K.L.:
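What follows is a single structure, and I will ask about it in a moment.
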Amino acid sequence: MSTLKNLPRRILNAIRGFGFKQWFFLILNVVLVLGAVACALGLRRVSGTLDTLTAAGRFQGAGEVRYAQLACYLPVDGGKSEEDIRSFRQSLENKMSEQSLEAAEGGRLYLDAYSGVSQLTIASENGGSTTLKAVGVGGEFFYFHPLRLRSGSYIKEGDLMDDLVLLDEELAWKLFGGTDLAGLTVTINNVPFVVSGVVSRETDFATEKAYTGDGGLYMSFSAMRRLDEDATITSYEITMPNPIGGYASGILSDTFPIGTGDIVENSSRYSLPHLWEVIQNFGQRSMRLNGVIYPYWENAVRLTEDYAAGLLLLAVLLALYPLLTALVLGIKEIRRAYRFAKVKIPEKVDEAVEKRREERLEKSFKEKEGSDGGSEPS
């Protein structure tokens with residue numbers, strides 16, 4: 001115990017006696033630790049970059065039931081229809097009902113969204129026009145992708161009319177030279193539509209790298225289907241109860257066949273096990289052999305995953321030497337304490353035994369002396 005109590009003093013005395021070599025290794029360890037901490041802070045910051053991964057947390061709120069956010073990406077030749085989505089919703093609700101998962105009164109047990117893309121030509125009233133890849137959306141798409149409104153309103157699945165479109169700022173300026181456009185008319189493939197509003201694009205570093213379009217156009221998937229009969233749903237997203245790990249992904253895999261597509265659990269994209277998988281498969285991530293073309297928001301997530309995995313690996317490597325140094329010093333200190341205990345404890349025990357023996361002898365002598373002094377000669 002005294003060894004541990006004296007440890008800070010001994011460390012201070014050792015530091016005072018440091019030479020060049022000791023100071024070099026001390027400074028090296030401090031720099032490495034600070035680097036590892038910086039990487040850990042960077043990992044935390046990268047993990048919070050994208051709003052598209054926050055749907056589960058926002059939907060769960062203060063509730064006790066855990067939620068997961070998942071996404072399915074389908075191959076271009078294996079897309080879904082809106083009828084497939086409705087059929088899946090019914091199957092999902094039946095499964096959750098069988099397992100006693102029910103929504104609170106007036107609430108919902110899950111939220112979902114779907115989308116597909118199609119090449120369309122849009123023109124404004126004042127003559128501006130462009131051809132681009134429009135996004136046809138359904139469900140609560142803008143809950144999963146909370147693009148900031150500059151004017152007007154989002155389009156919703158429950159809108160009575162599906163002739164509304166949403167433009168991003170770049171397209172709005174290209175067509176009209178402004179952003180306050182709600183109520184104005186555009187034609188898409190020569191069919192009239194009404195501008196519902198204008199949104200700002202995401203400004204995070206990952207989306208700016210992943211988004212390569214010449215302007216964004218969002219419309220209901222049903223309207224897109226009328227303009228392009230070959231349009232299919234290639235992206236499906238959902239946030240749903242996940243009371244135990246793997247529950248949500250298991251249901252999705254069982255009831256929503258995706259062929260050679262991908263299912264990803266967005267709510268665990270930055271967990272340590274997943275980032276370790278990213279590190280292990282780093283060289284293969286750039287190869288797409290299943291016919292899936294990711295939307296820009298998934299490419300942005302994958303970019304942040306790469307950054308996060310790199311920061312995690314760098315943090316571990318930087319922390320390795322200081323940890324080994326601390327381990328070696330700890331072992332040395334334990335051995336020193338063991339040697340101290342091995343030598344000093346028996347000495348202390350012997351001293352205590354000897355002291356106790358002396359005390360008994362002294363007590364015995366005093367008792368005998370007292371007995372002799374109390375007797376009188378006859």
Side-chain angles (χ1 to χ4, degrees), residues 43 46-60 66-76 78-80 84-85 88-89 92 110-117 135 137-141 143-146 202 204 206-207 209-211 232-310 312:
L43 171 58
V46 168
S47 302
T49 297
L50 301 174
D51 292 335
T52 54
L53 303 182
T54 62
R58 287 184 280 119
F59 189 63
Q60 177 179 335
R66 292 190 306 168
Y67 277 74
Q69 180 181 345
L70 302 102
C72 299
Y73 299 109
L74 303 161
V76 291
K80 301 287 186 181
D84 293 327
I85 300 298
F88 165 70
R89 287 172 174 171
L92 176 63
Y110 69 92
L111 286 181
D112 67 353
Y114 54 90
S115 61
V117 297
V135 182
V137 305
E140 301 292 337
F141 181 85
Y143 189 91
F144 290 85
H145 303 274
E202 302 95 330
D204 61 88
T207 304
K209 289 181 178 295
Y211 184 75
T232 60
I233 295 167
T234 53
S235 172
Y236 177 78
E237 300 168 89
I238 185 170
T239 180
M240 59 178 289
N242 190 43
I244 58 174
Y247 171 83
S249 60
I251 286 186
L252 197 58
S253 299
D254 292 341
T255 57
F256 195 76
I258 60 170
T260 59
D262 295 332
I263 294 179
V264 293
E265 188 166 338
N266 283 330
S267 42
S268 63
R269 296 297 282 262
Y270 305 108
S271 64
L272 294 182
H274 181 71
L275 291 179
W276 177 243
E277 289 181 11
V278 172
I279 293 170
Q280 288 181 305
N281 302 318
F282 196 84
Q284 302 174 15
R285 282 167 59 83
S286 60
M287 297 188 296
R288 305 304 309 150
L289 306 176
N290 58 356
V292 174
I293 299 177
Y294 291 130
Y296 77 86
W297 55 85
E298 172 61 15
N299 282 327
V301 177
R302 290 169 68 83
L303 178 60
T304 60
E305 276 182 331
D306 289 343
Y307 274 78
L312 174 62

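Here, residue 1 is the first one in the sequence, and each next residue gets the next number. Here the structure is a predicted model, which is why all the values come from computation and not from measurement.
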K.L.:
To the nearest 0.5 angstrom, please state how far the CG atom of Leu74 sits from the CD1 atom of Ile293.
P.N.:
12.0 Å
K.L.:
Let me confirm one number: the CH2-CG distance from Trp297 to Leu50, rounded to the nearest 0.5 Å.
P.N.:
13.0 Å
K.L.:
Hey, could you give me the CD/CZ distance between Gln60 and Arg66, rounded to the nearest 0.5 Å?
P.N.:
8.5 Å
K.L.:
Would you give the length of the straight line joining atom CZ of Arg89 to atom OG1 of Thr255, rounded to the nearest 0.5 angstrom?
P.N.:
13.0 Å
K.L.:
Please check if the side chain of Thr304 supplies one atom and the backbone of Val46 the other of a donor-acceptor pair under 3.5 Å.
P.N.:
no
K.L.:
Would you compute the distance between atom OG1 of Thr54 and atom CG of Asp51 and round it to the nearest 0.5 angstrom?
P.N.:
5.0 Å
K.L.:
Within a 6.0 Å radius of atom CD1 on Ile279, are there more than 12 heavy atoms belonging to other residues, nucleotides or ligands?
P.N.:
yes
K.L.:
Please name the residue in the list Val264, Ile251, Ile238, Thr239 that meets the side-chain contact (heavy atoms from CB on, under 4.5 Å) test with Leu70.
P.N.:
Ile238
K.L.:
Could you check whether Lys80 makes a cation-pi contact with Phe256, meaning its NZ or CZ is under 6.0 Å from the centre of the six-membered ring and within 45° of the ring axis?
P.N.:
yes
K.L.:
Compare all side-chain heavy atoms of Val301 with those of Leu53 and state whether any distance is below 4.5 angstrom.
P.N.:
yes
K.L.:
Are the aromatic ring centres of Tyr270 and His274 under 6.0 angstrom apart?
P.N.:
no
K.L.:
Just checking, is any N or O donor in the side chain of Asn299 or Tyr211 under 3.5 Å from an acceptor N or O on the other one?
P.N.:
no
K.L.:
With no hydrogens and no angle check, do the side chains of Tyr114 and Glu140 hold a donor and an acceptor under 3.5 Å apart?
P.N.:
no
K.L.:
Please check if the side chain of Arg269 supplies one atom and the backbone of Ser47 the other of a donor-acceptor pair under 3.5 Å.
P.N.:
no
K.L.:
For the atom pair CE (Met240) and CD (Gln69), what is the distance rounded to the nearest 0.5 Å?
P.N.:
12.5 Å
